[in-house]
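Read through the structure below, which is laid out as structure tokens, and then see the notes.
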Number of protein chains: 2
Amino acid sequence: MSLEKTSTVESLLGLLSQGPMSGYEMRQMMERSTTSFWSESFGQIYPALRRMVEDGLATVEEQSKDGRAKKVYRLTDAGERRLRRWLGVEARPQVRRNELLLKVYFGDRAERGAIAAQVVAERERCEDEMHRFEAALLRMEMEHARHPALPYWKMTVRYGMAEAKAVMEWCDETFEELEKRGLVSRARM
Amino acid sequence: MSLEKTSTVESLLGLLSQGPMSGYEMRQMMERSTTSFWSESFGQIYPALRRMVEDGLATVEEQSKDGRAKKVYRLTDAGERRLRRWLGVEARPQVRRNELLLKVYFGDRAERGAIAAQVVAERERCEDEMHRFEAALLRMEMEHARHPALPYWKMTVRYGMAEAKAVMEWCDETFEELEKRGLVSRARM
DNA sequence: TAGCACATGTAATAAGTTACATGATTTT
DNA sequence: AAAATCATGTAACTTATTACATGTGCTA
């Protein structure tokens, strides 16, 4: 069975479970909806789609709308089963690689103010993200008010918000601590 | 200059800034100290060390302690400079891939109770992690009470704690919401 | 004496991004 | 007419893990 370490195929099965679409559209959907926790490049998507058809998880149909050709993929029963089975398997904890924390960890070796600057930048990133999450939540409620999957989609956004808020608080607490220790450069204050 | 997308070399420079050591010891240190946000495999470490010596960022000395040979690496001035410069460059936001959220996002297609089970498992993972962070904080205070880098090390642990707490709260909130919607299987309740 | 920790390294494989190639249609 | 978007795909390259190969020294 699925010996892969990642879920590229499953992410595509999931998208197809919402309706038939092309590889290009899958990429767009991810950019719009799951980009904060999942995305795939074309270099992953197209070969994966070929394998999925080979394995009977999806079928293709070549459509030419207005002379513009595209391949529309459709989930098979086997694909649906495969998706459902995967949803029942406990998610593997992701390998975390956090460059910010690596820099903080070696902060002792940094120039005065360098780590404080990292923390300030991170705080700003989180604020931006939070605004995007708030907008996403509103957009979802407007555009998909009655969609049966809406509660699940909202859960993923709330996860992002919870994380962003926690990191923001950590940034504030950490900045204060650096300030207390005189580790914030004058230019930054 | 550093055209790499990741910071394998920099993580090793950082460890060497704490004193000369072997590749094996670097791996051990990461396992002990940075594993929650950074780790490297031997397959990355040994080739990177060779390149670092080639680039003049470190020197090697072959030691044979009790007949057991090992290569001890030492930071050069160039290595120290490179580390300091890297610490001043804004950290790149990591690419997030969260399999749990991918499953939640497609939760609509799952069997009854499957997503609640995912959330319960995640909550347990966070609890375990939180305990490890608490232990790490205590151990640091005991073993390195006067180490100048201690405040930075603690900051990275507090980040982990803040995140774990936020995710735990999300798990509780999400489980409740699933329960309210009757999406928790009886066996689990 | 078996097994584990120490110690270094390579090869195979997997996973992923980016750039490139191609070409149509739509918008500015 | 140029630029952006739609659309599919491949090749080159980078990154990373895992398994394997090899050997020493200590401990149960």
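Chain letters run A, B, ... following the sequence lines, proteins first, then strands; residues in each count from 1. Owing to the predicted nature of the structure, the values given are computational and were not obtained by experimental measurement.
- Distance E62(B) CD to dG23(D) P: 16 Å, rounded to the nearest Å.
- Computed from coordinates, the R51(A) CZ to dA14(C) P distance equals 11 Å when rounded to whole Å.
- The separation between R92(B) atom CZ and dG16(C) atom P is 18 Å, rounded to whole Å.
- Put simply, OH on Y159(A) and CH2 on W170(B) are 7.0 Å apart, with the number rounded to the nearest 0.5 Å.
- Exactly one residue among N98(A), V104(A), T174(A), L102(A) makes a side-chain contact (heavy atoms from CB on, under 4.5 Å) with T156(B). That residue is V104(A).
- Atom CD of Q63(B) is separated from atom P of dT8(C) by 10 Å (rounded to the nearest Å).
- Listed by residue number, S22(B), G23(B), Y24(B), Q28(B) are the residues of residues 22-40 of chain B with a heavy-atom contact under 4.0 Å to DNA chain C.
- Note on the helix from dT1(C)-dA28(D) to dT28(C)-dA1(D): terminal axis deviation equals 30°, with five pairs used at each end and the result rounded to 10°.
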Output a table of nitrogen or oxygen pairs between the protein and nucleotides 9-14 of chain D separated by less than 3.5 Å.
| unit_1 | atom_1 | unit_2 | atom_2 | d |
| --- | --- | --- | --- | --- |
| dG9(D) | OP1 | K71(A) | NZ | 2.3 |

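- OP1 and OP2 of dT15(D) both lie 4.0 Å or more from every side-chain N or O belonging to T8(B).
- Residue R96(B) contributes atom CZ, which lies 15 Å from atom P of dT17(C) at whole-angstrom precision.
- Listed nucleotides: dA16(D), dG25(D), dT5(D). Nearest to the side chain of R68(B): dG25(D).
- A salt bridge between R74(A) and E61(A) is present, with a side-chain N of the basic residue lying under 4.0 Å from a carboxylate O of the acidic one.
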Begin from the C-alpha positions of R109(B) and Q18(A) and carry the test side chain to side chain contact (heavy atoms under 4.5 Å, CB included) through to its verdict.
-> CA-CA 9 Å; R109(B) 298 286 144 184; Q18(A) 300 176 1; 5.9 Å; no
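- The pair E141(B)-K154(B) meets the salt-bridge criterion, since a charged nitrogen lies less than 4.0 angstrom from a carboxylate oxygen.
- Contact annotation: the side chain of M140(B) never approaches that of H147(B) to less than 4.5 Å [non-hydrogen atoms, C-beta and beyond].
- The shortest side-chain heavy-atom distance between R82(B) and R85(B) falls under the 4.5 Å cut-off.
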Check step by step if salt bridge (Lys or Arg N to Asp or Glu O under 4.0 Å) holds for E169(B) and K165(B).
-> CA-CA 6 Å; E169(B) 283 166 9; K165(B) 183 167 166 262; 3.5 Å; yes
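- Note that OG of S17(B) is 6.5 Å distant from CD of E80(B), once rounded to the nearest 0.5 Å.
- For the pair R97(B) and K70(B), both in contact range of DNA chain C, the more 5′-proximal nearest nucleotide belongs to K70(B).
- Contact check for E10(B) versus V89(B): no side-chain heavy atoms found under the 4.5 Å cut-off.
- For the pair R27(B) and F42(B), the distance from NZ or CZ to the six-membered ring centre is under 6.0 Å and the angle to the ring normal is within 45 degrees.
- A close approach under 4.0 Å does occur between a side-chain nitrogen or oxygen of T6(A) and OP1 or OP2 of dG16(C).
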